[in-house]
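Basis for what follows: all heavy atoms, side chains included, without hydrogens, waters or symmetry-related copies.
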Amino acid sequence: MSDFPPPLFEKLCCPLDGLPLTFESPSWRCASGHCFDIASQGYINLLPVQNKRSRDPGDSKEMVAARRRYLESGVYEPIAAGVWRALMDGLEGEAPYACLDAGCGEGYYPRYLRQQDQDGQLALIGLDISKWAVMAAARSSSDIRWLVGSNAQLPVPDGALDAVLCLFGFAVPEEFWRALKPGGIWVQVEAGPEHLLELRRIIYPTLKADKEENLVPPTGFSLETTERVRAQIRLDSQEQIADLLLMTPHLFRASAQGREQARQLTSLPVQLDVRIKVLRRL
């Protein structure tokens, strides 16, 4: 581990007018006088009320807690390791690299990257629209910049980022392009055709046909690499199965009969199957 603490990302901008934010303890302020306090847990809320589509957007407290329990068990570590490989292989230029996880949830993937980053090369930013998720993330790690915000309006200046991660989340290619430096990378993780197949067979009456993989990159990007990560895991308790359901949209899409069948399970072998794409900003 480096003798020096990893850098904290400082290039934030005001979500109301786009002006740079400067830190004037205990708040971040722009030249127009807009002020954003640092919460007691250590995060910054850069999602103004007028930019919310609901009163309490994003994951609930219960979903955040389920995701934390599930991911901290280590079952998705093959995916996290694949993201680390993609990031390290794709970054160019000199460190430190500004890397934003767009839709970070309770922070599992940024924390994993921080653990792997033995030389302190990454200035990590975790951003999520759920204040409950960011609150939980900020409690867990103070050497990552945690923000409440929206993928549709990343609170960073143009060209401020070396990498954007979007892991099972809501991608906004135009905004990612704006926030990335020329030559910066966007790492996208998507479910593959066999991802959680065993669970989906239980909770759905019928399965939809798999969508064909889209290999055409969005405007302004080139598709550099695609890696398919597959692993067999085993969920060893009903609680772990319930947590997986609660942290995904599957809980709300499943049939009542399917949810009841899942509640009867005490163990389940499950296939992980994801595609990790690296797209480079032109």
Side-chain angles (χ1 to χ4, degrees), residues 7-61 63-64 96-107 109-110 122-182 184-188 218 220 281:
L8 272 176
F9 184 78
E10 303 290 349
K11 296 180 181 178
L12 302 177
C13 63
C14 178
L16 296 172
D17 56 24
L19 293 175
L21 290 173
T22 56
F23 181 62
E24 300 176 14
S25 184
S27 306
W28 289 77
R29 299 175 182 271
C30 75
S32 299
H34 300 127
C35 178
F36 304 90
D37 293 335
I38 298 177
S40 60
Q41 295 86 357
Y43 69 90
I44 310 167
N45 192 332
L46 297 178
L47 184 66
V49 172
Q50 54 267 46
N51 290 358
K52 295 182 180 181
R53 293 186 178 181
S54 64
R55 184 176 179 181
D56 193 14
D59 291 347
S60 66
K61 278 185 179 181
M63 293 176 72
V64 169
Y97 305 106
C99 175
L100 183 145
D101 184 356
C104 67
E106 48 66 63
Y109 293 101
L122 301 177
L124 289 166
I125 312 105
L127 176 141
D128 202 280
I129 202 168
S130 165
K131 69 176 181 181
W132 306 113
V134 177
M135 188 182 301
R139 287 191 181 112
S140 69
S141 181
S142 61
D143 54 5
I144 296 170
R145 177 71 71 198
W146 301 108
L147 307 173
V148 178
S150 169
N151 287 7
Q153 187 182 2
L154 301 177
V156 301
D158 296 354
L161 303 175
D162 295 283
V164 171
L165 311 178
C166 189
L167 315 179
F168 305 105
F170 175 58
V172 187
E174 300 86 354
E175 182 65 358
F176 292 177
W177 187 93
R178 180 198 67 80
L180 282 167
K181 299 174 182 178
I185 58 172
W186 160 20
V187 179
Q188 178 73 29
R281 184 199 188 278

Item checked: Phe176 vs Cys166 side-chain heavy atoms within contact, under 4.5 Å -> yes

Notebook entry, point to check: Do Ile144 and Ile125 have side-chain heavy atoms sitting under 4.5 Å apart?
Noted result: no

Check: In Å and rounded to the nearest 0.5 Å, what is the CE to OG distance from Met63 to Ser130?
Finding: 8.5 Å

Margin query: If I compare all heavy atoms of Ser32 with all of Asp17, which pair ends up nearest, and what's the gap?
Written below: OG-OD2, 2.8 Å

Check: When rounded to the nearest 0.5 angstrom, what is the spacing between CG in Asp128 and CE in Met135?
Finding: 12.5 Å

Check: Below 4.5 Å, heavy atoms only, C-beta onward: do Arg145 and Ile44 meet side chain to side chain?
Finding: yes

Check: So how far is it from His34 NE2 to Leu46 CG, rounded to the nearest 0.5 Å?
Finding: 12.5 Å

Note to self: Is there a side-chain contact (heavy atoms from CB on, under 4.5 Å) between Val148 and Ile129? Walk through the geometry before answering.
What the structure shows: CA-CA 5 Å; Val148 178; Ile129 202 168; 5.8 Å; no

Check: Does the side chain of Asp162 reach to within under 4.5 Å of the side chain of Cys99, using non-hydrogen atoms?
Finding: no

Note to self: Distance check, rounded to the nearest 0.5 Å: Leu19 atom CG versus Arg29 atom CZ?
What the structure shows: 14.5 Å

Margin query: Working to the nearest 0.5 angstrom, can you tell me the gap between Asn45 CG and Trp146 CH2?
Written below: 15.0 Å

Checklist line | Flag side-chain contact, heavy atom, 4.5 Å: Leu127 against Leu154 | finding: yes

Margin query: For the CG atom of Leu124 and the OG atom of Ser141, what is their distance to the nearest 0.5 Å?
Written below: 8.5 Å

Check: Looking only at atom types and distance, does a side-chain atom of Asp37 sit under 3.5 Å from a main-chain N or O of Ser27, one as donor and one as acceptor?
Finding: no

Next item on the list: Measure the shortest side-chain to side-chain distance between Leu165 and Leu100 over non-hydrogen atoms and say whether it is less than 4.5 angstrom.
Entry: no

Note to self: Please enumerate all residues that pass ring pair (Phe, Tyr, Trp, His ring centres under 6.0 Å) together with Tyr43, with sequence neighbours excluded.
What the structure shows: none

Next item on the list: Check whether the ring centres of Phe36 and Trp28 lie less than 6.0 Å apart, and answer yes or no.
Entry: no

Item checked: Any Leu161 side-chain heavy atom under 4.5 Å of Arg281 side chain -> no

Margin query: Checking Leu12 against Phe23 for the side-chain contact (heavy atoms from CB on, under 4.5 Å) test, could you report, in this order, the C-alpha distance in whole Å, the side-chain angles of both residues, the deciding distance, and whether it holds?
Written below: CA-CA 10 Å; Leu12 302 177; Phe23 181 62; over 6 Å; no

Checklist line | Qualifying residue for side-chain contact (heavy atoms from CB on, under 4.5 Å) with Cys14, from Pro48, Cys30, Pro20 | finding: Cys30

Checklist line | No-hydrogen, no-angle side-chain donor-acceptor test under 3.5 Å, Trp186 and Gln188 | finding: yes

Notebook entry, point to check: Can you find a heavy atom in the side chain of Leu147 that is under 4.5 Å from one in the side chain of Pro155?
Noted result: yes

Next item on the list: Could you tell me whether Lys181 atom NZ has more than 12 heavy atoms of other residues or ligands within 6.0 Å of it?
Entry: yes

